[in-house]
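Accompanying notes for the structure given below.
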Amino acid sequence: MCGIVGYAGNRRVVPVLLEGLRRLEYRGYDSAGIVYQENDQLTKYRCEGKLSRLEGIVGDAIVADAHTGLGHTRWATHGAPTTENAHPHTDCSGRLVVVHNGIIENYHSLREELKDKGHQFTSETDTEVLAHLIEENLVDDLVAAVKKSLDRVEGSYALGVMSVDFPGQLIAARNQSPLVLGVENDGGTFMASDIPALLPYTKNVIFLEDEELALLEHGSYRVISLRSGEQLDKTITEIDWNAAMAEKAGYKHFMLKEIFEQPQAITNTVSGRINIETGEVVLPEINLTEKQFQNIDRIFLVACGTSWHAALVAKYWIEKYARIPVEVDIASEFRYRSLLVDERVLTVAISQSGETADTLAGIRRARKLGSRVITICNVVGSTMTREADGTLYTHAGPEIGVASTKAFISQLAALFLFTLYLSQVRDTMSSEQRRKLGQDLIDIARTVEQELPRIREQISEMIETFYDCRDFLFVGRGVNFPIALEGALKLKEISYIHAEGYAAGELKHGPIALIDKEMPIFAVTPKDSVYQKTISNVEEIKARQGRLILLGTEGDTHLNNITSDVIFMPKVHEDMNPILYTIPAQLLSYEIATRRGCDVDQPRNLAKSVTVE
Ligand code: F6R
């Protein structure tokens with residue numbers, strides 16, 4: 001939530017800040033602002049609304065001869081999304097500015113204290129207290145003033161600070177909100193909430209840890225521990241993403257581009273990890289010995305939103321093939337409920353960003369209780385990957401669309417690989433069976449690639465009769481039940497149509513009362529081991545005149561007798577169906593949302609990477 005960018009170097013700073021914000025806008029888009037130093041003064045632009053408005057307001061200042069500055073794109077927590085509450089926030093003197101992502105939990109008492117000392121507040125945000133607190137503590141050393149101020153702060157922050165009295169300097173600090181530094185060959189230094197903002201300039205990044213502060217200048221950077229004050233020796237990591245990966249590449253929306261990138265995301269996630277001759281799965285980054293895996297008697301899968309749906313699918317796979325009981329938890333529940341977790345439990349956190357606050361808190365709690373922790377994650381160097389015992393990276397590339405698509409598909413691919421790996425270390429499957437299933441996983445990438453254009457075309461014709469409905473149901477059974485949940489989530493988040501996903505067999509326990517001739521129902525009905533059962537549920541819907549869209553297996557002509565809206569999918573191994581059948585669910589949401597004129601990449605009220613509770 002919220003995107004921060006900062007730069008100190010030789011480039012003109014305004015275009016760098018705006019480009020950085022454009023690449024971070026998925027983190028929040030209800031207001032935006034920039035500030036830069038020029039001629040012993042700070043120039044600040046802020047406005048309510050999206051970045052495009054700010055760009056209009058900045059106008060000619062784009063060519064300002066300034067080389068140090070900060071930018072922010074906001075997802076409001078404290079204070080409405082107005083211009084007054086937009087960052088950067090300034091101290092009383094107007095000589096010091098702050099941009100912030102996170103929540104200052106004790107801001108109320110700090111604000112009262114600072115007001116008593118005469119500070120004048122101009123916004124309703126928690127962030128503004130930071131500007132005044134630093135002003136209060138500033139004598140002649142900006143680093144010392146920020147450090148002293150942060151000692152008083154409770155809560156989470158990724159912070160950028162700048163003062164005209166310290167020309168060319170930027171301060172970055174982090175606690176429980178992500179912040180990376182970038183170092184350019186010519187000595188330019190950057191800070192950003194996420195890697196995509198840095199990609200046009202550098203691939204060399206430094207991940208700040210909690211309670212660390214960095215002083216950035218052109219040609220140098222210095223990182224210190226906020227706890228001890230000691231200077232730290234940080235490692236530079238080279239990122240293998242490039243700037244083009246975070247562009248639309250001719251697609252109308254990031255979401256559509258990312259849907260079409262899914263075959264590649266599967267291939268990248270699987271390749272090199274399974275030997276297709278022997279069936280051996282190799283996952284060295286997981287960092288647990290075979291013995292440790294053998295000693296596990298339960299797995300908790302912990303995640304939020306779409307990643308939680310991937311976890312639900314994995315439960316079916318792991319219990320079936322690796323024969324270990326699996327519990328799936330929504331991270332915001334897991335972190336607070338009474339947990340029966342100990343050293344015989346393996347906790348697997350699934351997260352695209354690796355920064356989701358609830359999932360992070362969940363793994364911290366599990367570790368405290370003695371559990372080993374693995375994360376399945378897309379973002380290299382993210383907090384979860386650094387806190388977990390081991391990581392299984394998905395290689396989806398940067399996902400910019402707020403609605404997760406290729407990250408989900410690559411999570412499924414990684415989780416299937418993980419299932420095969422568990423079956424190997426626990427000896428629950430022959431290598432021949434593993435080899436065949438591994439081949440099915442590899443092959444599904446090609447199948448998805450071949451089917452994507454046809455499915456899109458069919459769905460875009462079909463939605464003309466559905467796009468203006470008020471509600472939608474999605475149903476599926478077994479391993480496809482989570483796909484019904486995922487389809488419903490995608491539709492509601494980008495088209496604002498109310499949608500629910502149900503296990504097909506659950507309908508008659510209540511939701512069937514909703515069905516009438518107005519209600520569209522998207523039913524996942526492949527010819528799998530529960531086909532007959534699902535079809536019985538579909539017949540129950542038909543008997544109540546529900547408007548069915550069926551998603552079934554090529555050649556299943558019976559489906560045409562039930563409804564004229566059938567999308568046929570090629571026959572694949574039934575455990576690959578969740579990957580394949582997700583594609584039409586995503587495209588249905590995408591086509592309906594664009595038909596309704598919704599902003600699919602930046603849906604209202606949402607932000608990617610939910611770093612607050
Ligand atoms: C929905 C979506 C969210 C995320 C959730 C978890 O399309 O993207 O539900 O899946 O916020 O995010 P990560 O995976 O980054 O932990």
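The chain is numbered in sequence order, starting from 1. As the structure lists them, so they are numbered: ligands from 1, and atoms in each ligand from 1.
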Response to the item:
ligand 1 to Ser351, heavy atom cutoff 4.0 Å, flagged ligand atoms 13 (P), 14 (O), 15 (O), 16 (O)
Item to complete: Taking only Lys NZ, Arg NE, NH1 and NH2, and the carboxylate oxygens of Asp or Glu, determine whether Arg367 and Asp389 approach each other closer than 4.0 Å.
Response: yes
Discussion item. Tell me the protein heavy atom at minimum distance from atom 2 (C) of ligand 1, and give that distance in Å.
Written reply: Thr306 OG1, 3.8 Å
Worksheet, complete the sentence: Counting from 1 in the order shown, the ligand 1 atoms closer than 4.0 Å to a non-hydrogen atom of Ala403 are 7 (O)
Discussion item. Does Ser371 form a side-chain hydrogen bond (donor to acceptor under 3.5 Å, both in side chains) with Thr347? I'd like the steps, not just the answer.
Written reply: CA-CA 6 Å; Ser371 171; Thr347 305; 2.7 Å; yes
Worksheet item: Can any side-chain N or O of Arg477 pair as donor or acceptor with the backbone N or O of Ala504 at less than 3.5 Å?
Response: no
Worksheet item: How close does the nearest protein non-hydrogen atom get to atom 11 (O) of ligand 1, and which residue and atom is it?
Response: Val610 CG2, 4.0 Å
Worksheet entry | Val402 near ligand 1 by a heavy-atom separation under 4.0 Å | yes
Worksheet item: Is the gap between the ring centers of Tyr26 and Phe254 under 6.0 Å?
Response: no
Worksheet entry | Contacting atoms of ligand 1, where contact means under 4.0 angstrom from a heavy atom of Ser307 | 10 (O), 13 (P), 14 (O)
Discussion item. Any non-hydrogen side-chain atom of Phe293 less than 4.5 Å from a side-chain atom of Leu422?
Written reply: yes
Worksheet entry | Polar atom proximity, Ser353 to ligand 1 (N or O, under 3.5 Å) | yes
Discussion item. Check the orientation of His72 and His87. Use parallel for under 30°, tilted for 30 to 60°, and perpendicular for over 60°.
Written reply: parallel
Worksheet item: What's the shortest distance from atom 7 (O) of ligand 1 to any protein heavy atom, and which residue and atom give it?
Response: Glu493 OE2, 2.5 Å
Worksheet item: Do Glu387 and Arg364 sit within salt-bridge range, that is, some charged N less than 4.0 Å from a carboxylate O?
Response: yes
Discussion item. Quick check on Lys490 - does any of its heavy atoms sit under 4.0 Å from an atom of ligand 1?
Written reply: yes
Worksheet item: How far is atom 8 (O) of ligand 1 from its nearest protein heavy atom, and which residue and atom is that?
Response: Ser404 CB, 3.3 Å
Worksheet item: Nearest to atom 12 (O) of ligand 1, what protein heavy atom do you find, and at what distance?
Response: Thr356 OG1, 3.5 Å
Worksheet item: What is the nearest protein non-hydrogen atom to atom 6 (C) of ligand 1, stated with its residue, atom name and distance?
Response: Cys304 O, 3.4 Å
Item to complete: Check whether the side chains of Thr394 and Lys406 place a donor and an acceptor atom closer than 3.5 Å, and report yes or no.
Response: no
